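Below: the structure, in structure tokens.
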Amino acid sequence: MTRGRQLELSWVNQEGLDCLCVRGWTGAELRELGRLSATELGRRLGVLPSELVEAAAHIRTLQPIAGRFAINEGSICFIPRFPFLNGMSYSLIVYSGLVVGRAGELEIWPIQRPSPAGAPTTEAVAIYPTAEEVPVNQLKFYIHFSSPMSEGWATRAVHVRRADNDEPLNDVFLAMDPELWDPERRRLTLLLDPGRIKRGLVPHEEASYPLVEGVPVVINVDTEFRDAAGQPLRTGMERRYEVEPAVRVRVNEADWRFHCPTLGSRSPLTVEFDRSLDHALLEHRLGVNNAAGAPVDGRGSVGLGERSWQFEPQSPWEEGRYVVVVDPRLEDLAGNSLIRVFDRDLMRAEDVPVDVRAVAVEFTCAPAPQPLPIKPIA
């Protein structure tokens, strides 16, 4: 610690967030810091979870919490991008001395957040895919929570182990900063390293696939994952998968089965796929239009194992033609879409990406409806 002054850390509310306020700087330090740009200031100061600081062999290699520093009269406040977690300890890091002659110093100033009130209420509610098998070139997993979650816990609270002997599998997921959350922070996307999935790239040649064909795995979400209020999960979750051979074939709507609804009813239109598709993309890559091209009001839902999709109209089906519109960016579990094969063989002409804006499947609501041929939309 720098001699001659004692920093005082406290929690204050600023811009609607609990922020870390630091007082006790010398006049020389405040003048020097005030001349720095935001980027330069971020190189001199940082805030990290204390547990990471205590476990790190080299603190300078740690990635600070995302946020920004604001200099006020007599104090410096750190405004985080995401809320601090109750019950956790954080440390202000002064990466180098702020006055001449102290350039080699590194200071650590810890402060504790108040303990969270009440019992945990948030749960992990789903892990996708729900299929029992995934290809060895699986590209991503999704975890859904019952309430908004905190940033920075994925690498600590989501684990992968072999199902046959319980041995942990490390480095399965690509470390992301920031993590991949939906806007409500209820769905976390865990991406497997694309460099290890695409053949011919150095990461694949050196480490091969993150998963191992024929070796079943278990994805576990630990209760230590914290929600937006800083509480641990009330219950965790896990799901087991068999790991099957790689899938390197473009998604082809001609391989799907379309079950047309009954005229005058609200029975659903059902589309059965030839393989499991990406759950998150299925929720907004398919739709139904009427003969005039206007969207039909209704609700789409994804079937078990992501092998089907149903559309239930808000009003009964009327006689006439309808169109199922498929966004060609819809992918399967290995990242193959209607446009391209994710890990394609450059020597295979059939794997060359195609140029198509959308795909339409027409069907007619009549006493005995029959689907018409599938055709691309130019």
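This structure is a prediction, so every number in the text was calculated from the model and none was measured.
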Self-check item: Trace of the salt bridge (Lys or Arg N to Asp or Glu O under 4.0 Å) decision for Arg23 with Glu8
Solution: CA-CA 5 Å; Arg23 298 181 181 276; Glu8 300 176 359; over 6 Å; no

Self-check item: Residue pair Ile197, Gln138: steps toward the side chain to side chain contact (heavy atoms under 4.5 Å, CB included) verdict
Solution: CA-CA 8 Å; Ile197 290 174; Gln138 173 79 15; over 6 Å; no

Exercise. Step by step, work out the side chain to side chain contact (heavy atoms under 4.5 Å, CB included) result for Asn289 and Val296.
Key: CA-CA 5 Å; Asn289 292 352; Val296 176; 5.6 Å; no

Exercise. Take Leu106 and Val94 through the test side chain to side chain contact (heavy atoms under 4.5 Å, CB included) and record every step on the way to the result.
Key: CA-CA 6 Å; Leu106 185 147; Val94 182; over 6 Å; no

Self-check item: Pair Val251-Arg275, side chain to side chain contact (heavy atoms under 4.5 Å, CB included): steps then yes or no
Solution: CA-CA 9 Å; Val251 176; Arg275 68 187 87 165; 4.0 Å; yes

Quiz prompt | salt bridge (Lys or Arg N to Asp or Glu O under 4.0 Å) between Glu29 and Arg5, intermediate numbers included | solution = CA-CA 11 Å; Glu29 289 173 331; Arg5 60 107 166 94; 3.0 Å; yes

Quiz item: Under the ring-ring contact (aromatic ring centres under 6.0 Å, His included) criterion, do Phe273 and Trp309 qualify, and how do the steps go?
Solution: CA-CA 8 Å; Phe273 311 121; Trp309 180 80; 8.1 Å; no

Quiz item: Going through the checks in order, is the ring-ring contact (aromatic ring centres under 6.0 Å, His included) test met by Phe363 and Phe258?
Solution: CA-CA 9 Å; Phe363 65 94; Phe258 293 79; 8.3 Å; no

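Here the side chain of Tyr241 pairs a donor or acceptor atom with the backbone of Pro129 at under 3.5 angstrom. Ser276 places a side-chain N or O within 3.5 Å of a backbone atom of Gly305 that can act as its donor or acceptor partner. In this structure, Trp25 contributes its side chain and Leu7 its backbone to no donor-acceptor pair below 3.5 Å. Looking at Tyr95, its side chain never comes within 3.5 Å of a backbone N or O of Ile59 through a donor-acceptor pair. No donor-acceptor pair closer than 3.5 Å links the side chain of Asp222 to the backbone N or O of Gly236. Formation of a donor-acceptor pair under 3.5 Å by the Arg250 side chain with backbone atoms of Val352 is found in this model. Between the side chain of Glu179 and the backbone N or O of Trp153 there is at least one donor-acceptor pair closer than 3.5 Å.
Within a 6.0 Å radius of CG in Asp166, more than 12 heavy atoms belonging to other residues, nucleotides or ligands are found. Residue Arg240 places its CZ atom among more than 12 non-hydrogen atoms of other residues, nucleotides or ligands, all under 6.0 Å distant. Shown here is Asp171, whose CG atom has no more than 12 heavy atoms of other residues, nucleotides or ligands within 6.0 Å.
Atoms CZ and CZ, from Arg329 and Arg340 in turn, are 11.0 Å apart once rounded to the nearest 0.5 Å.
Using a cut-off of 4.0 Å between Lys/Arg side-chain N and Asp/Glu carboxylate O, Asp343 and Lys198 are scored as not salt-bridged. The pair Glu224-Arg156 does not meet the salt-bridge criterion, since no charged nitrogen lies less than 4.0 angstrom from a carboxylate oxygen. Between Glu362 and Arg321 there is a salt bridge, since at least one side-chain N of the basic residue sits less than 4.0 Å from a carboxylate O of the acidic one. A salt bridge links Asp327 to Arg285: one of the charged nitrogens lies within less than 4.0 Å of a carboxylate oxygen. Salt-bridge formation is not detected for the pair Arg81/Glu151: no Lys NZ or Arg NE/NH1/NH2 atom is positioned less than 4.0 Å from an Asp or Glu carboxylate oxygen.
Contact of the Trp256 side chain with the Asp274 side chain is registered, since non-hydrogen atoms from C-beta on lie closer than 4.5 Å. Side-chain contact between Pro83 and Leu17 is present, with at least one heavy-atom pair separated by less than 4.5 Å. The shortest side-chain heavy-atom distance between Tyr128 and Glu306 falls under the 4.5 Å cut-off. Here the side chains of Asp297 and Ser315 are not in contact, with every heavy-atom distance at 4.5 Å or above. Contact check for Leu45 versus Ile93: no side-chain heavy atoms found under the 4.5 Å cut-off.
Across Ala246 and Pro135, no two heavy atoms sit closer than the pair CA-CB, 4.4 Å. Here the closest heavy-atom approach between residue Arg266 and residue Gln314 is recorded as NE-O, 3.3 Å. Across Pro210 and Val172, no two heavy atoms sit closer than the pair CB-O, 3.6 Å. Looking at every heavy atom in both residues, Val356 comes nearest to Pro328 through O-CG, 3.3 Å.
Of the candidates Glu312, His259, Gln310, Thr270 forms a side chain to side chain donor-acceptor pair (under 3.5 Å) with just one, namely Gln310. If you run side-chain contact (heavy atoms from CB on, under 4.5 Å) between Leu92 and each of Leu48, Val47, Ile111, Ile108, only Val47 comes through.
Ser337 and Glu331 share no side-chain donor-acceptor pair at under 3.5 Å. Side-chain contact check for Glu107 and Trp109: at least one donor-acceptor pair (N or O, by modelled atom type) lies under 3.5 Å. For the 3.5 Å distance criterion, the side chains of Asn86 and Arg113 qualify, holding a donor opposite an acceptor. Side chains of Tyr142 and Asp278: a donor on one and an acceptor on the other come within 3.5 Å. With 3.5 Å as the limit, one finds no donor-acceptor pair spanning the side chains of Ser146 and Thr122. With 3.5 Å as the limit, one finds no donor-acceptor pair spanning the side chains of Gln231 and Thr121. A donor-acceptor pair shorter than 3.5 Å can be found between the side chains of Glu238 and Asn220.
Classification of the His279-His144 ring pair by plane angle, with boundaries at 30° and 60°, yields perpendicular. Ring geometry for His204 versus Tyr209: interplanar angle over 60°, hence perpendicular rather than tilted (30 to 60°). Taking the six-membered ring where the residue is Trp, Phe225 and Phe145 present tilted rings, their angle falling between 30° and 60°.
Hydrophobic clustering (side-chain heavy atoms under 4.5 Å, transitive across Ile, Leu, Val, Met, Phe, Trp, Tyr) keeps Phe141 apart from Val212. Using a 4.5 Å cut-off between side-chain heavy atoms of Ile, Leu, Val, Met, Phe, Trp and Tyr, with links allowed through other members, Val359 and Val341 fall into different hydrophobic clusters.
Under a cutoff of 6.0 Å and an axis angle of 45°, Arg185 and Phe82 form a cation-pi pair.
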